[in-house]
Amino acid sequence: MRRVRFHAYGGPEVLRVEEAEPPVAGPGELLVRTEAIGVTLPCVRRTHGDGNGGGDPLPAVPGGEIAGTVVAVGPEVTGFAVGDRITSLTFKGSYAELALAPAFLADRIPDGASAVEAVALVRSGQVALAALSTAAPRDGESVLITGAASATGHLAVQLAKLQGVPRVVAAVSSAAKAEFLYGLGADEVVTYDQDSWGEPADIVLDGVGGELLPRALAAVTEGGRLIFFNSGGGTVPAYELLAGSKTVTGLTMRRFTTVHRERYEQHRAQLWELAGAGRLRAAVHAELPLAEAAKAHEIIEARANLGKVVLRP
């Protein structure tokens, strides 16, 4: 089989296509012939190995999510069979024609839905819903979302409006993304380089981190809260928390899927229901062949995407 692997840390140039033996499904795992592979900012950051993204041990196959067809079922797996079409979080090793998926994170793709639609909707939608449910917006509260045009961000904008949030602010790197976000229901669009992001928000969902984190925290109103779900690291000014009575909550899907299993299942059903009814749109920015994984990373690193970037084996 073909896979993409990197043997040294660096930018897109470190990704290499190579031949390899197929993996073997172990206990609790499904072996999946991939049809669509999601490219995420955390995956891109881990190839740099700079500590912010928790660089993978070398050599490594990047990845975090797949959709495809089950070709083998490991021991201790129930509820799935060869031939099932599924999508799943994988956390690693998905840039390949065959990939392993934890069965407890797998979800059947509904009839009529494509693999690309599934991988664009499920993982990013799960992150968006997890962030919103952790924030638990109350009546009348406003939400600001950084990385709002990203695969997760653009779904979070829509989901916040569907939950009745009266003011959703989309924060992005470029004003060129404004039309896209207004079309998804954003009430305001601001760019990172603006002196002001407008009135502070009750809740900030931060999908960027790094140098942007202090600005994201400053955009939280007094007594408000920031949900930190990115892999970009950053430093929180402690005095800002004290002076503004603000709270910061970290969110990782690895822990959320374990601790909040019932909520994870509810979110999965909710995403498919909303998409099926045409109320939630998972935008796909680009579909690229597996051999062009480096180009996919270039798009993500340039923050050029409007929605999801997908690799097709």
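This one's a predicted model, so the numbers in the text were calculated from it and none came from an experiment.
Side-chain heavy-atom separations under 4.5 angstrom define the hydrophobic clusters, and the remaining members of the one that includes F228 are L144, V169, V190, Y192, W197, V204, V208, L212, L213, L217, V220, L226, V236, L241, V248. Through ILVMFWY side-chain contacts below 4.5 Å, V24 is grouped with nothing and stands alone.
T69 places no side-chain N or O within 3.5 Å of a backbone atom of G83 that could act as its donor or acceptor partner. A distance-only check finds a donor-acceptor pair linking the side chain of H154 to the backbone of A283 [under 3.5 Å]. Formation of a donor-acceptor pair under 3.5 Å by the Q194 side chain with backbone atoms of S196 is found in this model. Using modelled atom types, one side-chain atom of S94 and one backbone atom of G64 make a donor-acceptor pair closer than 3.5 Å. No side-chain donor-acceptor contact under 3.5 Å links E188 to the backbone of G198. With hydrogens and angles ignored, the 3.5 Å screen pairs no side-chain donor or acceptor of S142 with any backbone N or O of R167.
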Below 3.5 Å, can you tabulate the donor-acceptor pairs from side chains in residues 72-81 to any protein atom, sequence neighbours excluded?
none

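The side chain to side chain contact (heavy atoms under 4.5 Å, CB included) check on Q270 picks up L129, H267, L274, with sequence neighbours excluded. Considering only residues two or more places apart in sequence or on other chains, H7 meets the ring-ring contact (aromatic ring centres under 6.0 Å, His included) condition with none of them. Residues that satisfy the salt bridge (charged side-chain N to carboxylate O under 4.0 Å, His left out) test with R261, not counting sequence neighbours, are E265.
At least one side-chain heavy atom of Y264 sits less than 4.5 Å from a side-chain heavy atom of Q126.
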Determine whether E35 and R312 satisfy the following criterion, salt bridge (charged side-chain N to carboxylate O under 4.0 Å, His left out), listing intermediate values before the conclusion. CA-CA 6 Å; E35 299 170 24; R312 300 293 301 271; 5.9 Å; no
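T146 and D206 share a donor-acceptor pair across their side chains, judged by distance under 3.5 Å alone. Inspection of the S133 and R263 side chains reveals an N or O donor paired with an N or O acceptor under 3.5 Å. Under the 3.5 Å distance criterion, with hydrogens and angles disregarded, no donor-acceptor pair is assigned to the side chains of D107 and T87.
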